[in-house]
There are 2 protein chains.
Amino acid sequence: MRIRQIDADATRNVKTRRRRHPFCTLASQMRSLSRALTLLSLVATLGVSAGATRKDSLPSWNDGESKAAIVGFVEAVSTKGSNYVPPAERIAVFDNDGTLWAEQPIYVQLAFALDRVRALSSRHPEWRQEQPFRAVLDGDLENLLAGGEEALTRLVMATHAGMTTDEFAATVLQWIETAKHPLTGRRYIDMVYQPMLELLAYLRANGFKTFIVSGGGIEFMRPWAERVYGVPPEQVIGSSIVTSFEMRNGVPVFVRNPAMNFVDDKAGKPVGINQHIGRRPIAAFGNSDGDLEMLQWTTAGTGARFALIVRHTDARREWAYDRQSSIGRLDHALDEARSKGWTVVDMARDWKVIYP
Amino acid sequence: MRIRQIDADATRNVKTRRRRHPFCTLASQMRSLSRALTLLSLVATLGVSAGATRKDSLPSWNDGESKAAIVGFVEAVSTKGSNYVPPAERIAVFDNDGTLWAEQPIYVQLAFALDRVRALSSRHPEWRQEQPFRAVLDGDLENLLAGGEEALTRLVMATHAGMTTDEFAATVLQWIETAKHPLTGRRYIDMVYQPMLELLAYLRANGFKTFIVSGGGIEFMRPWAERVYGVPPEQVIGSSIVTSFEMRNGVPVFVRNPAMNFVDDKAGKPVGINQHIGRRPIAAFGNSDGDLEMLQWTTAGTGARFALIVRHTDARREWAYDRQSSIGRLDHALDEARSKGWTVVDMARDWKVIYP
């Protein structure tokens, strides 16, 4: 409607000029310049909404309920009206594992920890006799997982602590550039979901500030999240270990200590959001029971709210799992999504492609 | 890129139409339009830096070394050249008490705590017999401060915990709107430093993201920091108490518990910066020894860096204090500023006005 109005104005201008100026003069050029500037400022003002309505910002999403719900929400909050939300309050939070990238058969960060144990094993001959390290070196995943949370915590502390933050970031970057998934042969970093990349970009194009809120390590994600997801480090929230400030030969460094600082999962997710963002998001995206409290907190606010769950239904192109899975279990959150009318994405049905 | 595309379209239109219109008509208008768009894109590109050099963005700062150092740094990092820094990395961190607003004779947040004790005392008859509450109710500040950190912690826990985050934010907002400084008669919220407000705005106009990094409570500042300083809640870092996520009658809330979570002071400041921002700032602004580690961490990075200390030298218009003050002591940081060539603002000399 707005676009049409500008067209009409342009047509009127043409008619006017034709009558008054039979020949070319500087005068007409200057008037044209002035009008052009006005036109351009109008175009600039309307740019975002015009772009959003005209072209498909979510080309990898099949038409259907999920896509319509996303677009309907974004247009509602970014258009003046009863559901309008000022840009400063357009906060959207995304889980990472299983929501933005694949998480099967094990979390990517666990694959990183296993690779680190192998890489560091020559410096730790004692690991050949010690669990859970021995299980890792033997490639005995079953035995490793039998050790439960305690075994995994030991693994994480041995591989994620005892170095500076800069050293850790360099190790993560080096690994993520090359490490490949054992089943797909793709790099983990190439197993991000194309439809979700489009969704992140679409939200940002409509004035949203996008945050990652992950159970994974905050310093495991930050080194590459900006390049891969377009999310800067200050918009990444995650679990962390205790980090201390130290002077080494007059140079300040952060040292990563083998103790948990914050677990950004389940009820920890809204707590992390409160700590880092300090205001309630208006949209939240997750895929498992670990995201339930984040979705509850987001949707309990007044005004327009949006909650979405990515359901892994595509055994052919990705994985199919929900209530029975030990990784990314989706059970209570699926029930609550149904009772509260949250959007549940069916990967097999809603996504044209999975990976870029 | 979009602009160029519009130009190309315009040129195509011109050729088509020129054949059809031998005389001065739409063709010249379209050529003018094309030129105007190019001109405008140039103006838009140059807009920020042109604005910054032409007009004085820091009118409350007297000309001198401090102002010249600020402007020199900002122009260097925002102009293509050897010191250029991409906008995403233009992170600036500001202490609050004594750097953005007054902190004498007691921190504003302590004044808030004292007022809360008085307001809540009718619900706590036992406080008449119990220290440090009795000292507060008797107006005996000396006795209160004699209790040291333990007394202050008891006071903070009694007044800052035991409610939801929403309730606390409402209490803070109500108080900050009206509470006045006992000596100046001004509202605390009007005792922010006008030259620093201009500095915050100047940095943002040049692509910086401005953060507050305060020893004060993160949830004490967030309710009003956006309105007063233009700093949104997600860019406020501060001390915090343990906050838990709870369901109350099916409604999720955050409850503030009487236990410290994080102390954002001294070495805690860079740790807080690392936790919340995840990359090193390029500019840091403080006023006391509590800011030293933040300034050290900021300036230890490679490339252009800026550190500034506000020195309280103006007993007439504000307060004069440094090495001997119990509030906002500036001692080691002053020595280090001199040895490292950091900018030290002399309030009496450098600032035309103190408050807005």
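Each chain gets a letter, A, B and so on, in the order the sequences are listed, and its residues count up from 1.
- No part of B:Val251 comes within reach of chain A, as not one of its non-hydrogen atoms sits under 4.5 angstrom from that chain.
- Taking every heavy atom of both residues into account, A:Glu234 and B:Lys209 meet most closely at OE2-NZ, 2.9 Å.
- Considering every non-hydrogen atom in both B:Arg222 and A:Asn274, the closest pair reads NH1-O, 2.8 Å.
- A distance of 3.5 Å separates CD in A:Gln296 from CE in B:Met247, rounded to the nearest 0.5 Å.
- Of the atoms belonging to B:Ile237, not a single heavy atom falls under 4.5 Å from chain A.
- Rounded to the nearest 0.5 Å, atoms CG (A:Asp166) and CZ (B:Arg280) are 6.5 Å apart.
- For a residue to count as touching a neighbouring chain, one of its non-hydrogen atoms must lie under 4.5 Å from one of that chain's; by this rule B:Lys269 does not touch chain A.
- The nearest pair of heavy atoms linking B:Gly278 to A:Pro233 is O-CB, 3.9 Å.
- Considering all non-hydrogen atoms of both residues, B:Pro270 and A:Phe245 come closest at CG-CD1, 3.5 Å.
- Within the 4.5 angstrom heavy-atom criterion, only side-chain atoms of B:Glu219, from C-beta onward, approach chain A.
- Contacts of A:Phe211 with chain B are made by side-chain atoms alone, with heavy-atom separations under 4.5 Å and no backbone atom involved.
- Per-residue heavy-atom pair counts under 4.5 Å with chain B were compared for A:Ser240, A:Ala169, A:Gly250, and the maximum is reached by A:Ser240.
- Residue B:Val253 touches chain A through its backbone alone, counting heavy-atom pairs closer than 4.5 Å.
- At a 4.5 Å heavy-atom cutoff, A:Glu246 makes no contact with chain B through either its backbone or its side chain.
- Only the side chain of B:Ile218 comes within less than 4.5 Å of a heavy atom of chain A; its backbone N, CA, C and O stay farther away.
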